[in-house]
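Have a look at the structure below, then the notes.
Only this structure's heavy atoms are used, side chains among them; waters, hydrogens and symmetry mates stay out. Chain naming here is simple, since letters A, B, ... match the order of the sequence lines and numbering starts at 1 in each.
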Amino acid sequence: MTLQLNHIKKDKDMTKDYLLELNPEQKKAVETTKGALLVLAGAGTGKTRVLTTRIVHLLKSGEAAPHQIMAVTFTNKAATEMKERVSSLLDGVPVASWWVGTFHSLSARMLRRHADRIGLNSNFIILDIDDQQRLLKQIAIDIGIDVKKWNPKLLASIIDGWKNKAKRPKDISFDDVLDIVDGKMLKIYEIYQARLKSLSACDFGDLLLHMIEILKDPKNKDILDLYHDQFRYMLVDEYQDTNVAQYLWLRLLAQKYKNICCVGDDDQSIYGWRGAEINNILRFEKDFLDAKIIRLEQNYRSTPQILQAANTLISHNNNRLGKELWSAEKMGEKIHLQNVWDSKQEAIEINAEIKKLKQVNLNNIAILVRAGFQTREFEERFMTTNLPYRVVGGLRFYERAEIRDAIAYFRLLIQPADDLAFERIINKPKRGIGKATIGNLHAFAKENNLSLYAASLELVKKQALRPKLLIKLKEFIDNFESWRMQMSEIPHSELAENILNESGYIDMWKSDKSIEAEGKIENLKELVGAIAEFENLHSFLEHIALVMETQKNINQDMVTIMTLHAAKGLEFDYVFLPGWEEGLFPNQKAIDEGGIKSLEEERRLAYVGLTRAKKKAYIFHASNRQIFGNWTDCIPSRFISELPEDLVEAKSDSGFYRGHKSCNLSHFDNSTDTNRAYISTNTVNTKEKTGNFQAGVRVKHSKFGTGTILTADGDKLEISFDTAGRKKIISRFVEIIS
DNA sequence: GTACTCTCAGTTTTT
DNA sequence: CTGAGAGTAC
């Protein structure tokens, strides 16, 4: 194969990406090291591009053909980008057959080939969280578990946790199940796995676990040999976020040639809750004995200000391998820190700051939030001001109810044994088949060891139902039989359209007069359009199970709103970080569950957020936030006080925000027409308690009040608060002015 | 079996 | 505050 390096795009950035980020020695190591290589590299040092460099070298030198390289990325999007980048650097590489993808998508691809070795139908469906939880709920109810106390979500997370650790039911020890779910958790797990098998289904964890099981079994040595022989080089991105199951999977496949190159940054490990094992990095040297380790500490992304702020922040973590990033980039602006009244104002202020960045392409601006619900406020604001935006993650296209319903129709068509799909759509649109009938169907199916679909077929044939019901059920079955006939005859997108029309599903939404109905019909049209881009319904369903994202409006200039987790690996010129408040970020629930370990993970998340910014980072914290409809006071995040003060430019609405000091309004009395507010200093975020002092302030009796008070120490305090008709004590964040 | 009302729990983060 | 699930009346 002759592949030429001079096919590098002339694009300046691309050249930079490829050449500048490694010094010659490192570049040589990355390109030519045989055996295990671990690249420990900080944010913005070009980790992902290390992988690209290596792949390009392997292909260019002819050391490996495309299909002999496996590259594992963290997201499917990253996989697509990697393919695009490599093929733009090298002409004539057939991208389609590449083994580039996430652990799950790669493993699914293998499992389809070898499912028969563990008695699994190779057409297995991949369950989404929704299916998984519904199934678990059924099981829990069946064996008499109080689903209110042990909700399916919790059950699912326990099973996921086990699967992340590569524990199958037989690997669960007594200690693991002590005290959880009335001691019945293991039983649930066992039944769950059995049900999955009878449904010809896998959940996400199974995609890896089944493959591990196959590869480990000496009976299947031929398969292991096959892949050992095929994958001469393996590369893994975001290695710090691999869990035990992924690690075992990787080790099984890499153990022969040990040509494995992992790239990661312990400071960016943010998936501990999903079983990510930082120990995988430490273990690496033990498992691959002469592993070479490269450290990359020069950051090519951010200004020195951003980088130093991030360095200082992360230095508060005790548990880290330790490194200090440096940058040769030119000096930029300080971190912008701003306090706002509430989340509504936060959106208004951020909108205003974005408007100020007139000459900046909106694609270079991002808002990174800690939790999904924070996006709502921004969406509402941007909608009214006509600022184009996209929300990444959040309510995903394929997770919408109408899309899931439609997909259930397709699933049932392809896999009649898919009871979960059957149950989802049997009465959508309404066919007069309710709880009672479904209960009967279940009983009949169980008795005769049939799927719900097969049971219906049988009952219709025997005419063993009430006349009205019989007609409806027959119609349902007949529809499916006729669609199945059409499968080989008409294009699949046309078939999909027929299904939605003939089933009455589209009509159901057309006759719905709610505001959302129109949008749902639009979504369904979009779905049919998306199907057309796939070879067949099978590959479409595989895509949605694993990818879950549609990439629309990708060419339009828009501000990106997403979670910090979703921002991993990305970069933007201007990054807005709202909601830096105790409880939200660091997240209280995380700390409650995981203590100091989780707090450090939250801090890494903050580090990830800051280091996404190339030119400027903006941090916001609100004084008040509505949680479940209740107003709650918010104290600035401790992470704010962990930033170096000289690199932060603080701004408040009043323009008097000084340093990081804050006070709380501890009493508020509006029983008379002039209000009296009592202030106590509680400088939580500077850790220096200056003692309580109280002082009164007179403010106008209005919904929102501001005022200035003179404290006993001679400090002037400016306060603002809302009365909202409340007489009780409210405490509010106030700013110090000197 | 359906349509309506009422109660109550839920907001981390995702392949 | 919202959405799911239970409870109630037809």
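Between A/Asn164 and B/dT14 there is no side-chain polar atom (N or O) within less than 4.0 angstrom of OP1 or OP2. Residue A/Ser105 places no side-chain N or O under 4.0 Å from the OP1 or OP2 atom of B/dT15. Applying the 4.0 Å criterion to OP1 and OP2 of B/dT11, one finds that A/Lys153 has a side-chain N or O inside that range.
With sequence neighbours excluded, the residues that form a ring-ring contact (aromatic ring centres under 6.0 Å, His included) with A/Tyr618 are A/His336, A/Phe576. Residues satisfying the salt bridge (charged side-chain N to carboxylate O under 4.0 Å, His left out) test with A/Arg251, not counting sequence neighbours, are A/Asp287.
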**Fill in**
With sugar-phosphate taken as primed atoms, P, OP1 and OP2 and all else as base, the protein-contact string of nucleotides 4-9 of chain C at under 4.0 Å (heavy atoms; B, S, -) is -S----

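Here the two rings, on A/Phe124 and A/His210, have centers that are 6.0 Å apart or farther. Aromatic rings from A/Tyr271 and A/His565 are positioned such that their centres are separated by under 6.0 Å.
Among the atoms of the strands shown, only primed sugar atoms or phosphate atoms (P, OP1, OP2) are found under 4.0 Å from some heavy atom of A/Phe74. Base contact: A/Ala590 has a heavy atom under 4.0 Å from a base atom. Base engagement by A/Glu593 is indicated by at least one non-hydrogen atom pair under 4.0 Å involving a base atom.
Judged by ring centres under 5.5 Å apart and planes tilted less than 30 degrees, A/Tyr271 fails to stack against the six-membered base ring of B/dT14.
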**Request:** Kindly determine whether A/Tyr607 and A/Asn317 satisfy side chain to side chain donor-acceptor pair (under 3.5 Å), including the steps that lead there.
**Result:** CA-CA 11 Å; A/Tyr607 175 80; A/Asn317 272 5; over 6 Å; no

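Put simply, CD on A/Gln133 is 12 Å from P on B/dG10, counting in whole angstrom units.
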